[in-house]
Student: 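First, the structure itself, so that you have it in front of you.
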Amino acid sequence: MPAIHTAPSDQSAQLHPTSGIASSQPAHDAASGRGDTVHTDTAEQSAEHSPSRSGASERLSGPTGPSQTAPQQSQQLQHPKSSMLFPQTDDAQGQTTPRTPTKPMFAPIPDDADAGDLADARMRNLWPSDPLEASPSSKRGRNAGALTGAGDNADSGLLAGISASSPAVSAKAAASADSDLTVEGMDSGLARLDPLAVHPRLSSRILCVVFGLLLLAAAAGVWWLGVRTANGQNFDDEVWLRLNTSLPSWLQSLVHLLAVSSTVIAISVVFALVGIVVAAVRKRWWLLGQLVVFAGLCYGSSLLKGVLPRPYLQNINSSASNTAPSGHTLLAAAAVVVLVCAVPRAWRAACTAVGSAYTLLVALSLVAGKWHRPTDVVMSLLIVGGWALLVLACTRTSGMDEIGTRSASASIQIVGSVMITGGIMISLYGAYLVWQIEPGLSLGASWTQSGACAATTMLVCGVSMLVFGLVLAMRQLTASPLTKLGLVGAPPAPPSK
């Protein structure tokens, strides 16, 4: 009968490393020399609760040499030591299940990382979503390097540890970095990502220059036709005499309201001051500089009145001295341009429509009140538009709309398109009327009087709409260019049916 042996309790009875379940292993009868082994109930229970040891038990259940003692077998059967970082746990059936390691929150910096990698890691932990300052040469990278110090190693170089130990220094440095990025580094950073974020498209600038020069050339052409030709002087003289009586009654009341010089000056100054204040509040400093240059150009243009000659070609009823260009028209139109360029995008269309109507009434009141000739006011409108577009061609940085507020505008598209198209068509109709009455101007025919007054009204209205429509469109193009960064919203969708 085979002998039944059990291992001593201090050698074969083991505790599970985590659950503390008792287990025992079979001992072998070295004296009998037979490989028969009988397991006790305790060993069977341990096998049930710890299946992972079954393979080891089977390997040790065979015949062994007499030199292998029970303590050695017990050491071989001992459960491997679990990891300190990722310990094994027991489930409901007592089985050991390894815990899956999770991804660390911050990747460790290798020991052989150079200074550039160290600075990049610091910035990634401090500003993970900042696309502008992603290089060690940026201001934030330099500030991070200054905070960590030259003696930091790869393990303790992150700024998060310093900010935890010295929160006041970290907050001050972060505020300094943000200030540097906003004031000094924004333009260069945005220019690297997308040049259109800091200046308009080249095509928009070219359009401003081309349209501006065309308007100035048109102003010179109007002055030449109205002053240097006999029919031009006759046309101006007839309108100067009869425009007041040819206007409709409702328009005469509005015109007479603006026939007072102090009224025109006061309203124009209010428009200009509002525009300057709005630009200052919006912190459009470059735009303020542009408006100052524009005002200087318009003021210099008003000095042409004492320089331009007016030859004597016909006997006329109006003054023989030169009156072109009109200073009041220059003031009114320039004030409206300042307001349109300074206000935010949502107010540009409304200010343009109101300003164009105001300038039209001022121009008609000056002619109806016999202060100026039609050539004077039309020339002044074209001069203001030309200077405005040339100044807009120099728009950049803070002369544009603030980043994040740039978007297409349905009101600007509608108002600008209507004013440009309507201005061209009305101006062409006024030029057609002048061409129709031109043969009778040299004869002083009475049938040319009504045609001359109608042509003047059409020309002043058309030129005013065209000038301010172009200013509105070019201001939008230079202030809110479409960029690849998504800073400009999608064009307005067509109305749904």
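Starting from 1, each residue takes its place in the sequence as its number.
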Student: Looking at every heavy atom in both Val264 and Ser268, which two are closest together, and how far apart are they?
Tutor: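 Result for this residue pair: O-OG, 2.8 Å.
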Student: Please name the residue in the list Val467, Val337, Val415 that meets the side-chain contact (heavy atoms from CB on, under 4.5 Å) test with Leu472.
Tutor: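 Testing Leu472 for a side-chain contact (heavy atoms from CB on, under 4.5 Å) against Val467, Val337, Val415 leaves exactly one candidate, Val415.
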Student: Starting from the C-alpha separation in whole Å, work towards a yes-or-no answer on side chain to side chain contact (heavy atoms under 4.5 Å, CB included) for Asn231 and Leu225.
Tutor: CA-CA 8 Å; Asn231 287 338; Leu225 293 175; over 6 Å; no
Student: Hydrogens and angles aside, do Ser301 and Trp387 bring a side-chain donor and acceptor to less than 3.5 Å of each other?
Tutor: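 Looking only at side-chain atoms, Trp387 and Ser301 do form a donor-acceptor pair, the distance falling under 3.5 Å.
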Student: Provide the closest heavy-atom pair for Thr448 versus Ile437 in the form atom of the first, atom of the second, distance.
Tutor: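 Here Thr448 and Ile437 meet closest at CG2-O, 3.7 Å.
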Student: Using modelled atom types and a 3.5 Å cut-off, is there a donor and acceptor pairing between side-chain atoms of Arg282 and backbone atoms of Ala342?
Tutor: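 Yes; judged by distance alone, with no hydrogens or angles, the pair exists.
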Student: As an exercise, state the distance from CG of Leu361 to CD1 of Ile267, rounded to the nearest 0.5 Å.
Tutor: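 Leu361 CG to Ile267 CD1: 10.0 Å, rounded to 0.5 Å.
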Student: Any sub-3.5 Å donor-acceptor pair from Thr457's side-chain atoms to Cys453's backbone N or O?
Tutor: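 Yes, the answer is positive, given that a donor and an acceptor are paired below the 3.5 Å cut-off.
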Student: Judged by atom type as modelled, is there a donor-acceptor pair below 3.5 Å linking the side chain of Ser302 to the main-chain atoms of Gly327?
Tutor: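 Checking the backbone N and O of Gly327 against the side chain of Ser302, no donor-acceptor pair under 3.5 Å is found.
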Student: Hey, does the side chain of Thr352 reach the backbone of Arg348 with a donor-acceptor pair shorter than 3.5 angstrom?
Tutor: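 The answer is yes, because a donor-acceptor pair under 3.5 Å joins these two groups.
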Student: Could you give the distance from OG1 (Thr245) to CG (Leu243), rounded to the nearest 0.5 Å?
Tutor: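 Separation between the atoms: 8.0 Å.
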Student: Does a donor on one side chain sit under 3.5 Å from an acceptor on the other, for Ser409 and Gln476?
Tutor: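 Distance-only check fails for Ser409 and Gln476.
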Student: With a 4.5 Å limit on heavy-atom distance, are the side chains of His199 and Thr397 in contact?
Tutor: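 Contact flag for His199/Thr397 side chains = no.
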Student: Rounded at 0.5 Å granularity, tell me how far CG in Asp376 sits from CG in Leu366.
Tutor: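 Atom-to-atom, Asp376:CG and Leu366:CG are 9.0 Å apart.
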Student: Test side chain to side chain contact (heavy atoms under 4.5 Å, CB included) on Leu477 and Leu392; report intermediate values, then the result.
Tutor: CA-CA 10 Å; Leu477 287 179; Leu392 287 178; over 6 Å; no
Student: Evaluate the criterion side chain to side chain contact (heavy atoms under 4.5 Å, CB included) for residue pair Arg345 and Ser407; output intermediate values, then yes/no.
Tutor: CA-CA 8 Å; Arg345 169 182 50 84; Ser407 176; 4.0 Å; yes
Student: Name every donor-acceptor pair, under 3.5 Å, that has one atom in a side chain of residues 417-431 and the other anywhere in the protein, sequence neighbours excluded.
Tutor:
unit_1, atom_1, unit_2, atom_2, d
Ser417, OG, Gln413, O, 2.6
Thr421, OG1, Ser417, O, 2.8
Ser427, OG, Gly423, O, 2.7
Ser427, OG, Val463, N, 3.4

Student: Report yes or no: do Thr478 and Ser204 form a side-chain donor-acceptor pair below 3.5 Å?
Tutor: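 No pair is found: no donor N or O on one side chain lies under 3.5 Å from an acceptor on the other.
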Student: Does Trp371 have more than 12 heavy atoms from other residues, nucleotides or ligands lying within 6.0 Å of its CH2?
Tutor: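 Counting neighbours around CH2 of Trp371, more than 12 heavy atoms of other residues, nucleotides or ligands fall under 6.0 Å, so yes.
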Student: With side chains defined as the heavy atoms from C-beta onward, is the minimum distance between Phe468 and Thr359 less than 4.5 Å?
Tutor: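 Phe468 reaches Thr359 side chain to side chain.
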Student: Might you point out which heavy atoms bring Arg310 and Gly226 nearest each other, and give the distance in Å?
Tutor: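 So the minimum-distance heavy-atom pair works out to NH1-O, 4.4 Å.
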Student: Quick one: pull up CG in Leu466 and CG in Leu215 and give me the separation to the nearest 0.5 Å.
Tutor: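 So the gap between those two atoms works out to 6.5 Å.
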Student: Any side-chain heavy atom of Trp347 sitting closer than 4.5 Å to one from Leu339?
Tutor: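 No, side chains not in contact.
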Student: Considering non-hydrogen atoms only, spot the tightest contact between Leu389 and Met474 and give its length.
Tutor: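 Scanning both residues, the minimum pair turns out to be CD2-CG, 3.6 Å.
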Student: Please report the shortest heavy-atom distance between Met379 and Trp223, naming the atom on each side.
Tutor: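 Smallest interatomic distance, heavy atoms only, reads SD-CB, 3.7 Å.
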Student: Between Thr395 and Met400, is there a donor-acceptor pair closer than 3.5 Å when you use the side chain of the first and the backbone of the second?
Tutor: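 Between the backbone of Met400 and the side chain of Thr395 there is no qualifying donor-acceptor contact (under 3.5 Å).
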Student: Determine, stepwise, if the pair Val434 / Phe235 fulfils side chain to side chain contact (heavy atoms under 4.5 Å, CB included).
Tutor: CA-CA 9 Å; Val434 173; Phe235 178 86; 4.0 Å; yes
Student: Taking the side chain as every heavy atom from C-beta outward, state whether Phe271 and Val338 have any pair of such atoms under 4.5 Å apart.
Tutor: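 No, their side chains stay 4.5 Å or more apart.
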Student: In terms of side-chain geometry, is the basic nitrogen of Asp401 or Arg284 positioned less than 4.0 Å from the acidic oxygen of its partner?
Tutor: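 No.
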Student: Can you find a heavy atom in the side chain of Leu390 that is under 4.5 Å from one in the side chain of Cys208?
Tutor: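 No, too far: nothing below the 4.5 Å cut-off.
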Student: Find the distance between CG (Leu330) and OG (Ser380) and round it off to the nearest 0.5 Å.
Tutor: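 Leu330 CG to Ser380 OG: 4.0 Å, rounded to 0.5 Å.
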Student: Please check if the side chain of Ser246 supplies one atom and the backbone of Arg242 the other of a donor-acceptor pair under 3.5 Å.
Tutor: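 Yes; judged by distance alone, with no hydrogens or angles, the pair exists.
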Student: Of all heavy-atom pairs between Ala230 and Gln314, which one has the smallest distance, and what is that distance?
Tutor: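 In this case the closest contact between Ala230 and Gln314 is CB-NE2, 3.5 Å.
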Student: Answer yes or no: does atom CH2 of Trp435 have more than 12 heavy-atom neighbours from other residues, nucleotides or ligands under 6.0 Å?
Tutor: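 For Trp435, atom CH2 is not crowded (no more than 12 foreign heavy atoms under 6.0 Å).
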Student: Would you kindly say whether His328 and Ser261 are connected by a side-chain donor-acceptor distance under 3.5 Å?
Tutor: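 The answer is yes; a qualifying pair exists.
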Student: How many angstroms lie between atom CG of Leu459 and atom SG of Cys461, to the nearest 0.5 angstrom?
Tutor: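 With rounding to 0.5 Å, CG (Leu459) is 10.0 Å from SG (Cys461).
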Student: Does Trp285, at its CH2 atom, have more than 12 non-hydrogen atoms belonging to other residues, nucleotides or ligands within less than 6.0 Å?
Tutor: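 Above 12, so yes.
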Student: Strictly distance-based, threshold 3.5 Å: is any side-chain N or O of Trp286 a donor or acceptor partner for the main-chain N or O of Cys394?
Tutor: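 Present.
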Student: Less than 4.5 Å apart, any side-chain heavy atom of Val292 and any of Leu288?
Tutor: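 SC-SC contact between Val292 and Leu288 ruled out.
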Student: So, Gln449 side chain and Glu238 main chain: donor-acceptor pair closer than 3.5 Å or not?
Tutor: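 Not at all, since once roles are kept as given, no pair shorter than 3.5 Å links the two residues.
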Student: State, with a plain yes or no, whether a side-chain heavy atom of Pro311 is found less than 4.5 Å away from one of Val227.
Tutor: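 When only atoms from C-beta onward are counted, Val227 and Pro311 do touch, with a gap below 4.5 Å.
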